[in-house]
Number of protein chains: 2
Amino acid sequence: MRAMSKKLQQANLEKKLRDFEQACRSADLKLTHQRLEIFRELALAVDHPSAETIHKRLKKRLATLSLDTVYRTLSTLEKHRLITKVETVESQARFEADMDRHHHAICRQCGTITDFNWRSFDDVQLPHEISGWGRIDKKNITLHGICEKCANAGRAG
Amino acid sequence: MRAMSKKLQQANLEKKLRDFEQACRSADLKLTHQRLEIFRELALAVDHPSAETIHKRLKKRLATLSLDTVYRTLSTLEKHRLITKVETVESQARFEADMDRHHHAICRQCGTITDFNWRSFDDVQLPHEISGWGRIDKKNITLHGICEKCANAGRAG
DNA sequence: CTAAATGCAAAATTTTTGCAGTCCC
DNA sequence: GGGACTGCAAAAATTTTGCATTTAG
């Protein structure tokens, strides 16, 4: 849902990686090979992968990478607010490296999570009913439904 | 966040239970003691409990109730759209029996999930960016932050 | 009666942890 | 070199499943 040229995507990824390295230094996190690759994989992914999925994908390049390192790394990066855990209804946790304000649409058929922006919503005031609740850090929308691809596959097959 | 008199709450619960029994009959789900009590516990709860929490609470009254029955029952009721799994970032799944449109505020300190309504949001049109995504069944807002109670506790202690 | 539901036990899945060795700074 | 990080293995936490028995309709 976010059109972007290949060139721009590449530049974007490189900036993200530079920012990541900087953030690790500031936070006294060591820039290990595994850590860097896990972050890069997540920054590159558009499907909000789980720890297991990231591990599976990296195994091809990093044969010795262990699943518990992936878990530990994701947990560390989340603690330092360099990545986010996505709120879902699934049993496996899913992650993203995009820390800009955005929202999610989840297909309950194929599980794909798609990002979208909604600037006018981001700035709107919350209803009075919840105004006394406390300090709000984030307001996320999650759409649930059936994506176009699955809807068509259902009709076809 | 939803003020309601005790009397109204009681009448509400009774209606929910009647509707539940009716729905079970229509769906050919047997009205077992356990099933009824699990639903009642969830309908009564305001904190969106996990399977384990429901089990713990019911154990006092239903000493023989097993945790796997709670899991199985919640799964069955969710499949029949009589309850919902709440989207969270936690590892334990949390449930609710309130099937009316509403939204959630989650405290990342104490984990409490609070309901709120936002009718004007429910009717608003989605941004163009996501309009071609597919068929949308639900649009949920989740607020993340620190609830008033935890904020005060932090300041005090 | 009969199909569905329960309880028990065991397994599967997902995530976390202790420890010894390795690697970044 | 020293503390943080990794991999291994084992454990913990969460959820699911097979099967014999019980129960609602």
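All values reported here derive from a predicted model rather than from experimental measurement. Below, read A as the first sequence line, B as the second, and so on, with proteins coming before strands; counting in each chain starts at 1. Quick note: numbers below take in every heavy atom, side chains included, and nothing from hydrogens, waters or symmetry partners.
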Sugar-phosphate only, base, or nothing, as touched by B:T73 at under 4.0 Å among non-hydrogen atoms: sugar-phosphate
Polar side-chain contact B:R25-D:dG25 base: donor and acceptor under 3.5 Å: no
Pi-cation contact, B:F39 with B:K16 (under 6.0 Å, within 45°): no
Pi-cation contact, B:F20 with B:K15 (under 6.0 Å, within 45°): no
Among D:dG7, C:dT15, D:dG25, the nucleotide that comes nearest once only the side chain of A:T69 is considered: D:dG7
Sugar-phosphate only, base, or nothing, as touched by B:S50 at under 4.0 Å among non-hydrogen atoms: nothing
Out of C:dT14, D:dT14, D:dC8, whichever nucleotide has its closest atom nearest the side chain of A:E52: C:dT14
First encountered from the 5' end of DNA chain C, between B:D68 and A:T32: B:D68
Selection from D:dA24, D:dA4, D:dG7 that lies nearest to any side-chain heavy atom of B:L31: D:dA24
Among D:dG7, D:dT23, D:dT15, the nucleotide that comes nearest once only the side chain of A:L65 is considered: D:dG7
Residue among B:T112, B:T114, B:D115 satisfying side chain to side chain donor-acceptor pair (under 3.5 Å) with B:H48: B:D115
Sugar-phosphate, base or nothing in reach of A:R35, heavy atoms under 4.0 Å: sugar-phosphate
Sugar-phosphate, base or nothing in reach of B:T76, heavy atoms under 4.0 Å: nothing
Sugar-phosphate, base or nothing in reach of B:A93, heavy atoms under 4.0 Å: sugar-phosphate
Residue B:R81 excluded, over 12 heavy atoms near CZ under 6.0 Å: no
